[in-house]
Amino acid sequence: MKIRPISGFPEWLPEQRIVEQALLDQVRRNFELFGFRPVQTRAVEELDRLAHKGSTDKEIYAIRRLHADPDETDDKLGLHFDLTVPFARYTLENRGQLVFPFKRYQIQKVWRGERPQEGRYREFYQADIDVIGQDSLPLCFDAEMPLLIHAVTSSLPLPPVRVHVGHRKVLEGFYRGVGLPDITPVLRIVDKLAKIGPDEVRASLVSEAGLGPDQAERCLALSQLRGGLEVIEQVRALGVEHELLETGLGELHEVLSAAAELPPGSVVADLGIARGFDYYTGTVYEAFLQGLESIGAVCSGGRYDNLADAGDAARFPGVGVSLGITRLLGPLFRRDALVATRRTPTCVLVALDKEQTRSRSQGVAARLRARGIPTEVFHAAHKYGKQIKYADKLGIPFVWFCGDDEGNGQIRDIRSGEQVEAHADQWEPTPDDRWPRVERPS
RNA sequence: GCGAGCGUAGCUCAGUCGGUUAGAGCGCUGGUUUGUGGUACCAGAGGUCGUGGGUUCAAUUCCCAUCGCUCGCCCCA
């Protein structure tokens, strides 16, 4: 078998995985800071459930047991393609034991069989955060999402993030007020505004969606609105009236108002957002890295009132967003925009003097580890030059040379060459050196 | 599903208008330096030129097919 990569299934080098883990840790920490509870679901769901929502042409990986009987009729399984469908199922399955509103986060790999391209993979991490209410869910959770996205992303060594907030009720109410019967094709065309430009959108609305010139013009005008709270009045100024539109504008206003304390530009109203309308029913979000908009939305989500269908009278409305960890990292790695300070967790390499004193070196390592300093002992009593070179290649900042069996020795900072007397129970690296960190090269 | 580009050393690539032993840089191993690295110099290892077929006296090179990777489009849950 020839060894080669498999398209769409990225694997990182250790120094990249260090970056990925640091991001995952930081994301998790922030989710918990907002009081969300951890959940992990199985990798598989019943195929029927996966294919149920939305269109049927989803690119799902099916699971097959090689030794299955040809006539086996067991439930067919597939790998989940997002974390929302498994979460909805999980919530219903455990509804009797969960506390509502149920705030959960879930960081897992998902799989999609689509054709890979930059930033789009077949296996990737998603970090999902959702709130599900029983029967109803207050709008304050919609308003909290942009704050959360801002908190998470600004805790990471990333460029500033801009969260675009749209609202399905605004769009749908507007379209109804304009007199459009079927809004789905309109949404799909409008969604391409950034890619194909206003002229193309206007033409497509007429030719493909069958809108009249005036209708197309108004829809286009709506989708081009972007900015702060003033956008609300700008929508009204377009002169379309509909009850649903007013409801949406009210909700949009509340969500935007909540973001008032964030730095200007962190959250903007954007009525050009028209994604994921399979099941979104209210607020929708898309977040972009400022200056790196070309890699696409790194975080997206919205409000869904009808996703979790218990099959009885109970309703479980939810709101949430998904952060695309891998889709973020891939393009950033490609641009060398995110690097670890070293290629290994190791902070101190304990040199091995000679085979007879291996236990002395191991003793030093044990003392350092006991105080939480990542330490390894060099594997063989090679020349010190070789041992230092090994540390240098891995970016290990310190090499320890043993003195006696009591923990005395010398520690060398191989970046500066400075070497000082030290004791293994006392010596401390600077906080910046203890663990590898993630940096954004300027 | 549609389209484009690319497959030569571990990596990045050159090259052969078809011709004897296929090259560079980086990386790797060793040495100069016999127990304190990075620089410099020297030496060395490492290739069925993606795979199959065709044309030819001769194919890594030309042609066809195929597989793989990358990037777009569609789609994006």
Side-chain angles (χ1 to χ4, degrees), chain A residues 1-11 13 45 49-61 78-88 110-122 124 126 128 130 184-185 187-189 191-192 195-196 200 208 273-280 284 286 294-302 304 307 320-322 324 327 330-331 334 343 349-355 357 361 378 380-402 409-420:
Chain A
M1 286 285 287
K2 181 146 186 163
I3 293 175
R4 48 172 40 143
I6 298 179
S7 178
F9 290 80
E11 292 182 315
L13 292 170
E45 297 289 334
R49 181 178 308 281
L50 291 173
H52 181 241
K53 298 291 178 191
S55 52
T56 54
D57 56 346
K58 285 172 177 161
E59 294 282 4
I60 298 170
Y61 279 104
L79 296 172
H80 57 225
F81 55 80
D82 71 5
L83 300 179
T84 309
V85 169
F87 171 54
V110 304
W111 296 268
R112 300 180 184 180
E114 58 193 6
R115 208 61 71 94
Q117 49 187 283
E118 166 150 55
R120 298 189 65 185
Y121 306 99
R122 302 213 235 211
F124 56 97
Q126 279 194 178
D128 269 41
D130 290 86
T184 306
L187 291 172
R188 181 160 46 247
I189 293 166
D191 193 41
K192 294 182 184 170
K195 187 175 282 183
I196 65 178
E200 287 276 336
E208 291 176 32
I273 297 183
R275 64 175 290 111
F277 276 97
D278 265 8
Y279 56 74
Y280 290 136
V284 289
E286 275 194 345
S294 62
I295 72 177
V298 296
C299 180
S300 62
Y304 45 93
L307 186 62
V321 294
S322 174
R327 291 180 170 190
R334 175 188 270 265
R343 304 157 88 171
L349 175 72
V350 181
L352 184 61
D353 184 21
K354 41 186 171 303
E355 199 50 50
T357 58
S361 294
F378 196 74
H382 288 166
K383 294 192 299 185
Y384 282 160
K386 279 196 158 194
Q387 302 192 36
I388 292 172
K389 194 169 179 177
Y390 170 81
D392 185 46
K393 279 192 289 192
L394 286 173
I396 299 170
F398 300 102
V399 177
W400 184 282
F401 298 98
C402 295
Q410 295 193 340
I411 188 139
R412 180 183 187 84
D413 183 332
I414 67 171
R415 296 161 300 189
S416 64
E418 184 189 2
Q419 187 165 328
V420 296

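The chains referred to below are lettered A, B, ... by the order of the sequence lines, with proteins before strands, and numbering in each begins at 1. Quick caveat, the model's predicted, so the values are computed rather than measured.
At most 12 heavy atoms of other shown residues, nucleotides or ligands fall within 6.0 angstrom of atom CD1 in A:Ile6.
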Within the sub-3.5 Å range, which N or O atoms of nucleotides 40-48 of chain B have a protein N or O partner, and how far apart are they?
none

Give me the distances for all protein-to-nucleotides 28-32 of chain B N/O pairs that come in under 3.5 Å?
residue: B:rG30; atom: OP1; partner: A:Lys386; partner atom: NZ; Å: 2.4

Item checked: Strand RNA chain B as a dot-bracket string - pairs counted if Watson-Crick or G-U with both distances under 3.5 Å, | where the partner lies in another strand -> (((((((..((((.....[...)))).(((((.......))))).....(((((..]....))))))))))))....

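Among the protein residues, A:Gln387 comes within range of no part of the nucleic acid, since none of its heavy atoms lies under 4.0 Å from any strand. A:Asp392 comes within 4.0 angstrom of a nucleotide base, judged by non-hydrogen atoms across all strands. Base engagement by A:Phe401 is indicated by at least one non-hydrogen atom pair under 4.0 Å involving a base atom.
Whole-Å rounding puts the A:Glu114 CD to B:rC71 P distance at 13 Å. Between A:Leu83 atom CG and B:rC76 atom C1' the separation is 15 Å, expressed in whole Å. With rounding to whole Å, A:Glu286 atom CD is found 12 Å from B:rC76 atom P. Atom-to-atom, CD of A:Glu200 to C1' of B:rC73 comes out at 14 Å; the value is rounded to the nearest Å. Between the CZ atom of A:Arg112 and the C1' atom of B:rG1 there is a distance of 19 Å, given to the nearest Å. In this structure, CZ of A:Phe9 is placed 13 Å from P of B:rG68, rounded to the nearest angstrom. Put simply, CD on A:Glu59 is 13 Å from P on B:rC2, counting in whole angstrom units. What separates CG of A:Leu349 from P of B:rU36 is a distance of 16 Å, to the nearest Å.
The residues A:Glu114 and A:Arg120 are annotated as salt-bridged, a charged nitrogen and a carboxylate oxygen being separated by less than 4.0 angstrom.
Of the candidates B:rC76, B:rA77, B:rU36, the closest approach to any side-chain atom of A:Gln419 belongs to B:rU36. Of the candidates B:rC76, B:rC71, B:rU36, B:rC76 carries the atom nearest the A:Arg120 side chain, counting heavy atoms from C-beta on. Considering only the side chain of A:Gln410, B:rU36 comes nearest among B:rA77, B:rU70, B:rU36.
Annotation for A:Gln387 and A:Ala351: closest pair OE1-CA, 3.1 Å, computed over non-hydrogen atoms.
For a distance-only test at 3.5 Å, the side chain of A:Arg327 fails to qualify as a donor-acceptor partner of the base of B:rC76. At a cut-off of 3.5 angstrom, the base of B:rC75 holds no donor-acceptor pair with the side chain of A:Arg115. Counting distance only, with no hydrogens placed and no angle test, the side-chain atoms of A:Gln117 and the base atoms of B:rU70 include no donor-acceptor pair under 3.5 Å.
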Next item on the list: For A:Phe9 and A:Trp111, run side chain to side chain contact (heavy atoms under 4.5 Å, CB included): C-alpha distance rounded to whole Å, both residues' side-chain angles, the deciding distance at 0.1 Å, then the answer.
Entry: CA-CA 9 Å; A:Phe9 290 80; A:Trp111 296 268; 4.1 Å; yes

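If you take atom C1' in B:rA65 and the same atom in B:rG27, they sit 36 Å apart, rounded to whole Å. Taking atom C1' in both B:rU33 and B:rC42, one finds a spacing of 13 Å when rounded to whole Å.
For the pair A:Trp400/A:Ile411, a side-chain contact is recorded, criterion being any heavy-atom separation below 4.5 Å from C-beta on. Taking 4.5 Å as the limit, every side-chain heavy atom of A:Tyr390 sits out of range of all side-chain heavy atoms of A:Val399. Residues A:Arg334 and A:Glu118 meet the side-chain proximity criterion, which asks for heavy atoms closer than 4.5 Å. Side-chain contact between A:Ser361 and A:Asp353 is absent, with no heavy atoms from C-beta onward closer than 4.5 Å. Between A:Arg415 and A:Phe398, the closest side-chain pair of non-hydrogen atoms falls below 4.5 Å.
Remark on RNA chain B: of its neighbouring residues A:Trp111 and A:Arg412, the 5'-side contact belongs to A:Arg412, judged by nearest-heavy-atom nucleotide.
OP1 or OP2 of B:rA77 has not a single side-chain nitrogen or oxygen of A:Thr84 nearer than 4.0 Å.
Within the cation-pi definition used here (under 6.0 Å to the ring centroid, within 45° of the axis), A:Arg327 qualifies as a partner of A:Phe124.
By the criterion of a centre-to-centre distance under 5.5 Å and near-parallel planes under 30°, the ring of A:Tyr279 forms no stack with the base of B:rA77.
Ring orientation note: the planes of A:Tyr279 and A:Tyr304 are nearly perpendicular, at an angle over 60° on the 30°/60° scale.
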